[in-house]
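Following: one structure in structure tokens, then a few remarks.
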Amino acid sequence: MNEKAASKEKLTSICRQFRIDGDILVYRWIPAGHINTAYYVAVYNGKEVTQLLVQKINTYVFREPVGMMRNIERITEYIRSSERTMEKRRRLHFRHTAERKNYLVLKNGVPAGDDVDFQDESVEFWRVYNYIECSTSFETAGGDPEVLRMSGKAFGRFNKQLKDFDAAQLMESIPHFHDTVYRMNSFFDTVEKDPKGRAAQAAREIAVIRENRDFAGTLCRQIEAGELPIRVTHNDTKTNNILFDKDTLDPLVIIDLDTCMPGLACYDFGDTVRFAACTAEEDQPEGMRLDLRLFRAYAEGYLSEMKDVLTPAEVESLSTGAAVITLELASRFLGDYLAGDRYFRIEYPEQNLRRAQAQLALFQDMMRHMDDMRQIIREMTE
Ligand code: GN1
Ligand code: MG
């Protein structure tokens, strides 16, 4: 299916399955995220207009989507029960089918059971939730420290809300997601196999990752030594996964909970630094550097919520987390480029290579400024 153009009929029929009747007035593809496909849909039933987000899950990436939806339900329920006065636009409200499921499985376009093979091309997995009105999100921070501060507050609060959530209740929606030792191994495996003959072209980038392979495992070793606690974390804390109030910049709700699972606080901290406390786009190596002013703003926001929750070792790990996750992403983007761009959606042929180059430039700058990052964190926590 051309993902930009699911037909109106198709979206109407999906809405019907979720018991939303009426005519679609407006619909459009939303160009957010590299994995799933999302549409904004407004349905009129003769009385009122309902605005929805209709999403098709990429089951090549999320191989157990039913378990993933169960995770999301548990997490959203938990957050809802701990915040009694939450307004409607501060929560994700998933729609249910007649079978009371928060997802719909189709095979060859018709409803099917959960026992299908999700790797089969004829199988689709859909979900629908309320569209949050008057909200906006940021593809990059646009260099605005206030957006960074608010993002830090939002992800800090999210980590804090889940601090006592029992991780055993969740399945790993993507096994080894931030297991950087595993990531490095599978990256060098791909380099060795070089299935598309692209490795020679990326020799410089591969060399930088090789030089830093040992550093990539720093946090894994700390987990093994019992120095860092495992928490329930978001694991994909880009600023475009927060919906803000359009006018006040108040962070309303965190979206894209697909990778919520046991993880490290420093990756949730670090991934926003990677994405937004920098000077260029995710796929733009030219002029890519760490922006310490934005880093400070983000750290302020995050620590305003998490300062008293984190252990001293976790506080110490925050800056390392930013560098490790940036290196991890470089290896994932480059690995996908070498494998033929199967995982991350691309808009032009060498986008994954450029994404990797940008991440490596940022990683190297983070390493140069490691002491500065640590100093900023220290000032805020001592
Ligand atoms: C993917 O789908 P999106 O854009 O929110 C990826 C993240 C990466 C990110 C890089 C499930 O997130 O891990 O950090 O791209 N999600 C998955 O921009 O792999
Ligand atoms: Mg996303």
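First listed ligand is number 1; within each ligand, the first listed atom is number 1.
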Take every heavy atom of Arg355, measure it against each atom of ligand 1, and state whether any distance is under 4.0 Å.
->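 Distance cut 4.0 Å: Arg355 fails for ligand 1.
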
Go through ligand 1 atom by atom and flag the ones less than 4.0 Å from a non-hydrogen atom of [X].
X      : value
Asp256 : 5 (O)
Tyr343 : 11 (C), 17 (C), 19 (O)
Ile174 : 11 (C)
Glu282 : 10 (C), 18 (O)
Phe333 : 10 (C)
Phe62  : 11 (C)

With heavy atoms under 4.0 Å as the rule, classify the contact between [X] and ligand 1 as side chain, backbone, both or neither.
X      : value
Phe275 : neither
Tyr267 : neither
Leu329 : side chain
Asp236 : side chain

Can you tell me how the ring of [X] sits relative to the ring of [Y], calling it parallel under 30°, perpendicular over 60° and tilted otherwise?
X      : Y      : answer
Tyr182 : His176 : parallel
Phe269 : Tyr298 : tilted
Phe118 : Phe125 : perpendicular

Locate the shortest heavy-atom distance separating Asn235 from Met261; write the atom from each residue and the value.
-> ND2-O, 3.4 Å

Partner of Tyr131 by ring-ring contact (aromatic ring centres under 6.0 Å, His included), out of Tyr39, Tyr40, Tyr27 = Tyr40

Between Asp250 and Arg90, is the closest basic N to carboxylate O distance under 4.0 Å?
->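 Yes, Arg90 and Asp250 are salt-bridged.
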
Option set Met68, Arg274, His34, criterion heavy-atom distance to atom 14 (O) of ligand 1, minimum |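 Nearest heavy atom to atom 14 (O) of ligand 1 lies in Arg274.
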
Thr259 N/O under 3.5 Å from ligand 1 N/O =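 Between Thr259 and ligand 1 (N or O atoms, distance only) the closest approach is not under 3.5 Å.
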
May I ask you to check whether over 12 heavy atoms, not counting those of Glu121, lie within 6.0 Å of atom CD?
-> no

Apply the side-chain hydrogen bond (donor to acceptor under 3.5 Å, both in side chains) test between Glu350 and each candidate in Gln201, Arg355, Gln357; give the one that qualifies.
->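 The residue from Gln201, Arg355, Gln357 that satisfies side-chain hydrogen bond (donor to acceptor under 3.5 Å, both in side chains) with Glu350 turns out to be Gln201.
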
Under 3.5 Å: donor-acceptor pair, side chain of Thr311, backbone of Glu314 | yes

